[in-house]
Amino acid sequence: MKKIVLLLAASVVVSIALFGCAQPAPPEEKTPATPAEAEKIVVCALFDPRIPVLKADAEAIKMAVDEINAQGGILGKQVEYIHEDTQRKVDVAISAYRSAVLEKDCKIVFLEGVSEEALAIIEEGARIFPTKPHIVISSQAAVGTTFKVIEDYDKYKFYFRNLPPDPELNYKVPKTYFEFAKNVIGAKKVALLLEDAAWTECARKGCVYESKFGKFESKPMREWVKEEYGMEVVYEANIAVGEKNFLPMLEEAARNGAEYIFVLSSWYTDTITLSKQWASSGAKDIPISYFGGPNQWAVFWDLTGGAALGTFTIMYDTEDVPPVTTKTREVVKKLHEKKLSVDMSVHYYYSEMYRVKEAIERVGSLDIDAIIKAMEEMEFKDHTALTPEYNYFGYKSALFHSYSGGPVLLAQFQCDGKLVYITPPELLEEAGFPEEAISQVNPDAYKSPAELREMC
Amino acid sequence: MLEVSNLTKRFGGVIAVNEVSFEVEKGEIIGLIGPNGAGKSTLVNLISGFYLPDSGKIRFLGEDITKKKMHERAKMGIARTFQNPRLISNMTAIMNVMYAVLGSERGSKLSLVEAYGEAAYYLDIFDMLKKRDVLVADLPIYELRLLELARALALKPKILLIDEAMAGLNPAEAERVSKLINRIREEFDLTIIWIEHVLKIIMRSVERILVMHYGKLIADDTPEKVVRMPEVVEAYIGEEVV
Amino acid sequence: MLDVAALIFSYTFIFGSLYLGIALGFTIITGVLRIFHLGYGAIFLIAAYGTWMFWKDVGFGFIESIVLSFALVALFSFLIYQVVIKKFWEMEDYLLAALIAVFIIIEELVNYAYPEIVGVYLPTTIIEGSISIGPASIPGQLAATSVIAILMVICYLLIFTKTKTGLIMRAISQDIFASQLVGVNFDRMFIVAMILASLPPAIIMLLIAPIWALNPFIGWPLFTYAIVVSVLGGLGNLRGTIMASYIIGFIHAAVGFSLDPRLMLLASLVVVVAVLVFRPEGLARAETIW
Amino acid sequence: MSILKLEPRRGRMIIHAFGRKYDWIIEPRYWRNPIIGVITLLALPLLMYFFATGVFGIRPVALLSALIFANILAMIGTPLVLQIIGTGRVSFGPHFFVAVGGYTAALLSKNYGFSPALTLPASFFMGALIGLGLSPITIISRGIYFVLITLLLPFILWELTYWRSDVFGAETGIPGVPLLIFTGDVVLDIMIYYYVSIAMVLILLFFTDRVMRSRYGFMMGVINEDEEVALSYGIDVAKIKVITFTLTSGAIAVAGWFLAHYQGSFTGPVWLQPSFLILILLTTTLGGKGAVYGVIASAYFIATLREVTRTQFGEMSVVVLFIILLILLYILPEGFWGLYRKRRYREYVPSIRIRRA
């Protein structure tokens with residue numbers, strides 16, 4: 001048997017040597033060619049097109065790229081858009097990502113916001129970055145990745161996020177809902193249904209993070225809701241990922257006398273089922289509100305067969321959405337023409353492409369380090385879903401390479417699925433939303449689910 | 001050598017084996033007969049350890065084996081054949097003997113090659129060596145019976161439980177099998193308990209006969225005496241009527 | 001305290017009947033054919049999206065569409081039997097792999113034709129709003145579903161105990177070899193069983209459409225319920241399935257209302273595995289259909 | 001005196017080499033020629049690198065990454081086949097042990113600073129320990145029930161990873177696992193990973209092959225065919241089952257170890273999904289009845305096919321992949337191994353079976 005082992009070892013060594021000789025050739029051929037040719041800037045989008053929201057994200061990026069090319073590209077260079085299917089599998093995503101950066105010469109990689117993938121890609125990116133500098137932008141939400149950039153900036157500085165991550169997402173964004181619940185609904189007792197996933201940890205348990213830049217602390221939602229809004233949390237439950245059975249939570253919320261139900265959801269939580277069950281449960285008269293998920297689409301009304309009547313949610317998917325910037329409505333319209341639904345992440349990905357464009361133009365070259373610096377320092381005013389005041393902090397902040405959170409546009413499904421924007425205008429004013437947007441929200445248009453059921 | 005005392009086994013409400021006791025001396029060849037459903041196969045299954053008895057004791061070579069597991073009993077030298085030949089049909093003839101060689105007490109020290117050699121020896125005894133590479137699925141029933149015996153012998157048993165060696169054979173084949181059984185008994189110094197439904201041959205081949213009826217042992221004597229016992233005759237008449 | 005008890009009691013009934021309805025077809029297939037139908041989840045998809053297709057894309061009336069979708073489901077079951085099950089009858093590893101491949105292909109095709117964004121919805125509501133039972137309230141549609149699930153079980157029991165076909169199926173489920181001797185036409189029996197078994201999931205799917213989301217990936221979670229229930233009950237035994245459905249229903253109701261809804265599925269999985277360790281053949285301990 | 005002398009006999013080959021004698025039974029067992037197999041395996045990526053890339057629009061790095069995944073599938077499939085044969089039960093929970101190994105490696109290196117060299121035995125032992133704990137079910141539960149218990153195990157662990165997200169990190173998993181290889185040149189890294197993974201597969205294959213050809217392998221075959229016959233002929237079925245299940249569970253857990261140190265993080269929910277199980281299942285099934293060599297062929301085939309369909313068929317890629325695999329199930333009744341092995345009736349190939357009772 002020794003002989004076989006020996007032979008094995010020998011062939012491995014020989015093959016490594018052979019392969020080692022053969023392998024490095026292709027990248028070397030390309031590397032010197034890049035600056036000389038320098039005709040295209042390659043943008044890669046790693047999205048699974050089978051999932052409507054991810055398909056819309058990718059299409060939004062493509063749309064932005066097309067627009068930029070129509071306007072003459074970036075620095076006079078055309079932008080090439082490459083779509084890679086990840087099949088939402090980590091191993092596939094990694095191989096697609098490697099291929100995109102190492103072989104297709106991607107400078108900017110957009111990645112779908114599936115946490116499992118983002119996490120693996122970040123680790124992989126840290127390996128690739130020294131060889132092939134590039135930027136990765138993803139809407140992944142968990143706090144873990146933020147802290148990677150904070151803790152080890154040099155290693156992970158290529159990673160950007162295009163939305164306010166946890167804990168901002170778990171605190172500053174939901175505040176809009178509780179402001180509304182307190183002032184408009186007048187709720188004193190609330191029920192919290194929190195998705196049980198890593199990105200909601202700060203909301204469920206509270207969290208403390210120590211970094212070299214200082215300590216960050218976030219109280220659990222039930223505590224800050226009481227302290228800041230004086231509302232008592234009478235029922236709190238965690239929603240298991242993939243849960244289809246919401247009746248115990250809804251009935252318990254009703255039994256405990258909740259006057260308002262807040263659901264911290266993402267695509268992991270089936271808010272369609274939740275709405276359908278809510279509408280025929282004992283909790284149907286309690287106002288219920290959602291965060292992320294299919295409820296951010298106008299088509300949510302059809303998906304629930306009208307059971308969404310009276311629910312409210314973050315909403316940027318109608319052509320009469322209050323214009324955060326001049327482009328907001330235009331983007332929604334164009335994407336609707338392509339039969340896509342526009343949730344917040346679609347806006348984020350679309351705008352990020354323009355932000356990258358602006359950063360490259362500031363730098364004047366494709367020097368990735370300089371572009372990263374520019375993206376950190378610049379203030380980008382053209383976001384279609386975030387106000388100009390949302391900006392990047394310097395890298396000493398706990399929110400590095402991510403947006404900070406703030407008020408969002410809430411809308412309620414009323415008769416026949418008509419969406420009414422109900423965010424209190426004071427909040428938008430404080431956050432610096434443009435006058436035109438503020439004038440188009442009206443909390444008084446809110447009606448309780450029972451009222452709506454009478455009316456429609 | 002083998003001592004069975006008050007053995008009882010129930011399946012649901014049916015008592016398959018009811019308070020059966022008997023002893024087997026070394027070197028004996030015993031026939032076990034009885035009508036269908038008399039509990040013969042159950043008794044074999046109890047001795048070989050396939051079932052555990054509800055009550056009663058089994059002693060083998062002076063040792064209480066009532067609670068012993070099937071493979072331990074096999075290693076001690078209790079071999080059996082099956083009523084419907086139960087061989088591994090995906091394997092060749094010789095492989096079916098090989099695992100019995102490996103499972104025997106000395107088998108734990110044998111390599112596969114040595115086991116192969118021994119298996120060939122046992123096949124040869126039954127004149128099956130030329131068929132060693134034939135898949136069991138392709139063998140006729142007569143050769144399956146032989147193969148079962150070869151496999152049982154490969155375990156180097158002290159006692160051999162034969163559960164119907166004649167079923168499905170024509171008279172000439174049955175005769176040959178019966179001769180072979182007597183031959184191996186002498187050659188390997190075996191003790192044999194032989195269950196049979198066909199009475200003619202067994203009467204000639206064995207020295208002592210146990211008769212079971214409805215789970216009970218109703219007779220234990222020489223063949224000549226047994227056939228004259230009224231209980232036995234009655235039991236078999238009942239059988240024939242059915 | 002009393003209201004919690006009322007809730008647990010009524011939801012044990014509601015959930016139990018629902019799971020019974022979901023698992024009924026699966027149990028019949030396992031009981032009669034003695035195979036593990038990994039493609040069962042596809043039936044839910046075909047029922048829901050078939051109805052939508054005939055209704056919206058082909059342009060039939062809603063009721064006609066439902067009838068046509070049932071025909072489609074029956075056709076699917078027939079084809080699965082003829083093309084997959086018959087072919088791999090003796091090779092169970094191939095059978096399982098092929099069935100699961102069919103399931104995935106159908107899931108992906110449905111997703112390609114009707115991604116979630118299409119907004120598929122079936123107006124199959126029988127009872128709107130909720131019904132109050134003392135301090136507890138239950139969705140009317142679920143109450144209707146429960147009653148229909150129980151009626152279906154009764155129907156199937158009558159089939160298995162009163163009709164000739166049913167008796168033959170029971171015989172097959174008891175001993176496939178013995179019934180072979182009696183000269184049963186297996187193919188025909190198995191096809192009938194496959195088609196009979198495909199109706200309950202189709203009916204349940206349409207009934208729960210108003211209270212569950214319809215998306216192309218709904219097959220898995222429903223199939224998971226079917227597996228958990230029939231494993232606990234003892235595969236292919238209706239008595240066991242009935243017992244197991246209500247046990248799982250009780251676990252979900254009790255854990256959901258008095259402990260933590262987060263742990264509903266975990267609790268039932270742990271109970272199932274624990275029971276299987278002590279009763280490896282499930283609650284019924286019998287491999288017959290009834 | 002010659003160093004190597006071959007002495008063909010009927011049914012076996014006696015090899016005199018280095019003054020020692022080896023016998024290979026050709027007779028009832030498998031066709032074998034490990035050296036040719038190994039060389040094919042090592043040369044395959046090179047061949048594909050030069051000929052296949054570009055043909056289907058695959059780039060070398062993407063292909064290499066896919067082949068690393070093929071090796072991971074093979075790392076799971078090889079011991080799984082051994083487990084199926086040795087226990088006579090088809091397990092639907094191999095990915096459970098992958099996750100056990102991955103979490104062990106990730107948690108130990110993150111919380112206690114273990115190096116990959118230390119987490120390797122730890123993962124193996126953890127997998128083996130849990131395998132040992134679960135091994136009674138290989139004895140008490142039969143047929144489909146065993147399939148179903150093992151199918152439920154990953155679901156339970158999946159639920160646990162979300163429930164105790166403070167420990168397991170739910171969907172974000174456990175980051176910061178030290179990398180196995182880090183040279184600074186990422187392409188070189190990928191290549192070394194490829195050869196490390198293939199070395200692991202070959203080591204596993206070597207052990208599996210030895211076991212399958214030993215007396216134990218033969219007895220495992222008997223158990224796989226008919227447990228009662230095995231018992232009545234003196235084979236200690238329970239012992240062999242427990243040992244097989246324990247050791248193979250440990251071996252499967254090593255695949256999890258590799259995943260954790262290859263990706264620098266371990267995210268259980270990714271690997272505990274049924275979709276991963278389906279790939280493993282198809283790998284072993286298409287590999288051919290119980291043939292460990294076939295598993296490697298099918299792992300390579302499936303991983304490459306997945307990459308080809310992904311780049312060629314867009315949104316329909318998964319449908320096309322599974323249709324091709326389904327067709328293969330029809331036209332290859334004995335899997336890839338059946339194409340290759342000599343079609344001689346006297347060969348014994350253990351067949352994987354799920355018994356109905």
Side-chain angles (χ1 to χ4, degrees), chain C residues 30 33-36 38 41 83-84 87-88 90-112 115 175-176 220 223-224 227-228 230-232 234-236 260 262-270 272-282 287, chain D residues 84 90 92 134 136-137 139-153 155-160 162-163 273-275 277-278 281-286 289-290 314-330 332-335 351-357:
Chain C
T30 326
L33 274 78
R34 294 269 146 225
I35 58 156
F36 187 45
L38 280 181
V83 181
V84 182
K87 161 87 181 168
F88 296 124
E90 287 297 329
M91 305 141 86
E92 292 237 6
D93 51 336
Y94 273 66
L95 181 63
L96 296 179
L99 286 172
I100 212 164
V102 169
F103 180 21
I104 289 173
I105 290 169
I106 286 175
E107 201 177 35
E108 289 285 331
L109 283 176
V110 167
N111 188 40
Y112 185 73
D175 192 340
I176 202 159
W220 267 112
F223 183 45
T224 314
I227 293 180
V228 169
S230 19
V231 171
L232 179 63
L235 285 174
D260 180 357
R262 171 67 190 83
L263 300 178
M264 288 192 292
L265 187 58
L266 186 63
S268 51
L269 286 176
V270 168
V272 170
V273 169
V275 168
L276 283 190
V277 167
F278 293 105
R279 287 184 83 132
E281 276 154 34
E287 294 217 356
Chain D
I84 291 171
V90 175
F92 266 33
L134 293 170
I137 60 173
I139 299 161
I140 54 176
S141 67
R142 289 169 176 272
I144 291 175
Y145 291 96
F146 183 79
V147 172
L148 292 176
I149 290 194
T150 49
L151 183 65
L152 294 179
L153 288 176
F155 277 108
I156 293 180
L157 185 55
W158 196 84
E159 283 282 312
L160 271 179
Y162 275 94
W163 185 43
Q273 277 169 7
S275 61
L277 166 70
I278 293 160
L281 200 71
L282 281 165
T283 308
T284 51
T285 308
L286 276 179
K289 303 248 161 199
E315 282 182 49
M316 293 298 277
S317 58
V318 177
V319 178
V320 175
L321 172 70
F322 277 93
I323 286 177
I324 294 176
L325 294 177
L326 190 62
I327 292 170
L328 283 178
L329 285 176
Y330 276 84
L332 295 179
E334 286 183 50
S351 62
I352 296 169
R353 276 198 237 154
I354 301 161
R355 286 171 186 81
R356 290 177 180 135

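Order of the sequence lines sets the chain letters (A, B, ...), proteins ahead of strands, with each chain counted from 1.
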Enter the distance from [X]:[atom1] to [Y]:[atom2] here, rounded to the nearest 0.5 Å.
X: C/Leu265; Y: D/Trp158; atom1: CG; atom2: CH2; value: 8.5 Å
X: D/Leu148; Y: C/Ile227; atom1: CG; atom2: CD1; value: 6.5 Å
X: C/Arg262; Y: D/Glu159; atom1: CZ; atom2: CD; value: 5.0 Å
X: D/Thr285; Y: C/Leu96; atom1: OG1; atom2: CG; value: 8.0 Å

field: 4.5 Å side-chain heavy-atom contact, D/Phe155 and C/Val228
entry: no

task: Specify which of C/Val272, C/Val270, C/Leu263 makes the most heavy-atom pairs with chain D at under 4.5 Å.
output: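 Going by pairs under 4.5 Å, I would pick C/Leu263.
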
task: Using side chain to side chain contact (heavy atoms under 4.5 Å, CB included) as the criterion, list what pairs up with C/Ile100, not counting sequence neighbours.
output: C/Leu38, C/Trp220, D/Ile278

Contacting moiety of [X], where chain C heavy atoms sit under 4.5 Å:
X: D/Leu332; value: backbone
X: D/Pro274; value: side chain
X: D/Leu325; value: neither
X: D/Tyr162; value: both
X: D/Leu282; value: side chain
X: D/Leu151; value: side chain

Sort [X] into side chain, backbone, both or neither according to what part of it lies under 4.5 angstrom from a heavy atom of chain D.
X: C/Val83; answer: both
X: C/Ile104; answer: side chain
X: C/Tyr112; answer: side chain
X: C/Val84; answer: both
X: C/Leu269; answer: both

query: What about the rings of C/Tyr94 and D/Tyr330, do their centers lie closer together than 6.0 Å?
result: no

query: What closest approach, in Å, do D/Leu326 and C/Ala101 show between heavy atoms, and which atom pair accounts for it?
result: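 Taking every non-hydrogen atom into account, CD1-CB, 3.9 Å.
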
field: Greatest number of heavy atom pairs closer than 4.5 Å to chain C - which of D/Leu321, D/Ile156, D/Leu281, D/Val320
entry: D/Ile156

- request: Carefully, step by step, assess C/Asp93 and D/Val90 under the rule side chain to side chain contact (heavy atoms under 4.5 Å, CB included).
  value: CA-CA 8 Å; C/Asp93 51 336; D/Val90 175; 5.5 Å; no

